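All ligand and atom numbering here is 1-based and tracks the order in the structure. Just so we're clear, the structure is a prediction, and the values are computed from it rather than from any experiment.
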Amino acid sequence: MALIYFPDLRLNAELSGPDRAPPVVLLHSLGTNLRLWDGVVARLPGHRILRLDMRGHGASDAPPAPYAMGALIHDVERVMAQAGMREAVVVGLSIGGMIAQGLAVKRLDLVRGMVLSNTAARIGIASQWQARIEAVRAGGLEAIADATLERWFGRGWRDLPELPQMRAMLLATPPEGWMGAAAAIAGTDFYTPTAGLTLPTLAIAGTRDGATPPDLVRETAGLILGSRFRLIRGAGHLPMVEQPDAYTDALRDFLESIGHV
Ligand SMILES: O=C(O)CCC(=O)CC(=O)O
């Protein structure tokens, strides 16, 4: 798979792993792209993995902002249909985790289990997102880059080996795409629908994450009956990049625990 042409936009997606292996879908966060998952894909060779660039990100088209959360959910639904994938474990990071929650509520037939990574039923407050959107409209991604990277990685962020790569990924995001997806986060509150979900769920948080701190992630995990919570010490908002071994171990344990192997 590469660019998939839909009537209204093109979405970039990649499929890897054996054809008939248990399916996994990877959904990235705001201001990143599907390359975020390279370390995980390399460490999970036994699964059929679908990952996509959210609209406005990576090599997908960037239609004018704002985007509705429903549109982002529909994008995943239709890319999964193209890939012939159902009953997948959907792993979503931050906004990707919001999309996973919305997809499970709308299409439980597509979602066998969820990994809600560094995410919540609601992230931040609308006025805060609006201020960031205005900053990006005026000055591009550069205007919010330092503050964002500090929230992602916590104290000592300037010295992290991953910093140049992640700053480049953030700055490569089309401003229209970032603003569009940020508006979707600002408009989303999944507390009630997520509290109605009963499916195998693992929530993952990082102790240094200032964007979606552990308590926020734990609160959302607590909405879902029987969910599990895993804290990755020393990791921030992007644990799959910062600690790919620990992150993939958590994922693998979860997949094995639900027999998705
Ligand atoms: O960019 C930030 O600092 C926060 C991002 C966020 O919470 C949503 C996301 O990463 O998808």
Write down the atom of L27, the atom of W37, and the distance for their closest heavy-atom approach.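 For L27 and W37, the tightest heavy-atom pair comes out as O-CZ2, 3.2 Å.
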
Nitrogen or oxygen of [X] less than 3.5 angstrom from that of ligand 1:
X: I123; result: no
X: A211; result: no
X: S94; result: yes
X: T148; result: no

Enumerate the atoms of ligand 1 whose separation from the nearest heavy atom of [X] is less than 4.0 angstrom.
X: I185; value: 8 (C)
X: I95; value: 9 (C), 11 (O)
X: S29; value: 9 (C), 10 (O), 11 (O)

Under 4.0 Å, heavy atoms only, figure out whether ligand 1 is touched by the backbone of W178, its side chain, both or neither.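 Contact part for W178 vs ligand 1: neither.
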
Side chain, backbone, both or neither: the part of T32 lying under 4.0 Å from ligand 1 by heavy atom: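 Neither; nothing of T32 gets under 4.0 Å from ligand 1.
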
Decide if atom CG of L225 counts as having more than 12 heavy atoms of other residues, nucleotides or ligands within a radius under 6.0 Å.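 Count not over threshold, so no.
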
Is the backbone of R43 close enough, under 3.5 Å, to the side chain of R252 for a donor and an acceptor to pair up by distance?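 Yes; at least one donor-acceptor contact below 3.5 Å.
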
Could you grab the distance from atom CG of N118 to atom OG1 of T212, nearest 0.5 Å is fine?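 Here the interatomic distance stands at 4.5 Å.
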
Mind checking the CZ-CG spacing from R112 to L199? Nearest 0.5 Å is all I need.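 One gets 10.0 Å once the value is rounded to the nearest 0.5 Å.
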
Among protein heavy atoms, which sits nearest to [atom], and what does the distance come to when rounded to 0.1 Å?
atom: atom 3 (O) of ligand 1; value: R151 NE, 2.6 Å
atom: atom 5 (C) of ligand 1; value: W129 CH2, 3.8 Å
atom: atom 11 (O) of ligand 1; value: L30 N, 2.8 Å

Going by distance alone, is a donor N or O of one side chain under 3.5 Å from an acceptor N or O of the other, for E219 and Y191?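 Checked: E219/Y191 side chains pair up, N/O donor to acceptor below 3.5 Å.
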
Is there a heavy atom in H237 that sits closer than 4.0 Å to ligand 1?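 For ligand 1, residue contact (heavy atoms, under 4.0 Å) with H237 is present.
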
Checking E14 against R35 for the salt bridge (charged side-chain N to carboxylate O under 4.0 Å, His left out) test, could you report, in this order, the C-alpha distance in whole Å, the side-chain angles of both residues, the deciding distance, and whether it holds? CA-CA 10 Å; E14 276 188 27; R35 296 261 79 85; 3.2 Å; yes

Cation-pi between R78 and F6: NZ/CZ under 6.0 Å from ring centre and within 45° of the ring axis?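 Judged by the rule (NZ or CZ under 6.0 Å from the ring centre, within 45° of its axis), R78 counts as positioned above F6.
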
Take D38 and R51 through the salt bridge (charged side-chain N to carboxylate O under 4.0 Å, His left out) test and state the conclusion after the steps. CA-CA 10 Å; D38 284 351; R51 46 183 169 156; 2.8 Å; yes

